[in-house]
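A, B, ... follow the sequence lines: proteins, then strands. Residue 1 opens every chain.
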Amino acid sequence: MQEIDRSLGTLSLEQIVRFSGAVQDFNPIHYDDAFAQGRGLARSRIAQGPLTYLLALDALVAANGVARIGSFAVAA
Amino acid sequence: MQREKKGQQLLSVSLMAHSIKLEEIAHALGDTPSAADTARLGLFFGPTVVGYRDFVASIDTSTSNALLGGHEIVFARPFKADEPVRAEMTMVDHQDKNGMEIGVFETRFTTPAGEPIQTQRTTFIERARKG
């Protein structure tokens, strides 16, 4: 499998909210800056972990094709 | 996190791989040329397959203290649009380490006949609660 060096760019609030709707994850930490800061996050809201890893997986699928993806792992 | 639930099945549910949900995931990925295929691999996130509130309640965790520490997926095949799916989630490990709780959850996705589709292993890390 080829090595990929690709920037995933900046996640938009629209992407985060779309993903919240798709997976029914309406935790305000993902879209409400004031709520996120009140929970100790330094700057602002954070995207859902699954959305972040799906973007990385999407880069792999784009480079290799879905049939060649046998497993996938991410670690924080 | 409830350590006594280690080894227990926390969830067994019937789902549908709805085509509209596949499209919603693809849109959230930004509609890249590969997004539709990626959505068929990542349609469900095991621990929150029936909503994050139910997962949080099932293990008595804290959404403000718990972090996603890792996630692994082994694919047998992508999900097919509008196919019925079974999901079973088990807490397969729990450890206390340096004031943190580490829980590992395995979610197996199969067809109703038991054909494997994918298996996910998800690690959450939670700061120990005061008091």
Ignoring hydrogens and angles, tell me if any N or O in the side chain of A:D32 forms a donor-acceptor pair with the backbone of A:A34 under 3.5 Å.
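Yes: the side chain of A:D32 pairs with the backbone of A:A34.
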Determine whether A:F35 and A:N27 make a side-chain contact, defined as any pair of heavy atoms from C-beta on separated by less than 4.5 Å.
yes
Name the member of B:G30, B:P78, B:A35, B:A76 that forms the most heavy-atom pairs with chain A at distances under 4.5 Å.
B:A35
If you count heavy-atom pairs under 4.5 Å with chain A, which of B:V74, B:T119, B:L29 comes out on top?
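Among B:V74, B:T119, B:L29, the one with the most close pairs to chain A is B:L29.
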Have A:D25 and B:T48 got a donor and an acceptor in their side chains that come within less than 3.5 Å?
no
Taking side chain as everything from C-beta outward and backbone as N, CA, C, O, which of these in A:Y53 sits under 4.5 Å from a heavy atom of chain B? Side chain, backbone, both or neither.
side chain
Test applied, side chain to side chain contact (heavy atoms under 4.5 Å, CB included); reference residue, B:T122; option that passes from B:L68, B:I73, B:V104:
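Testing B:T122 for a side chain to side chain contact (heavy atoms under 4.5 Å, CB included) against B:L68, B:I73, B:V104 leaves exactly one candidate, B:L68.
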Tell me, side chain or backbone of B:R77 under 4.5 Å from chain A's heavy atoms, or both, or neither?
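When you check distances to chain A, no heavy atom of B:R77 falls under 4.5 Å.
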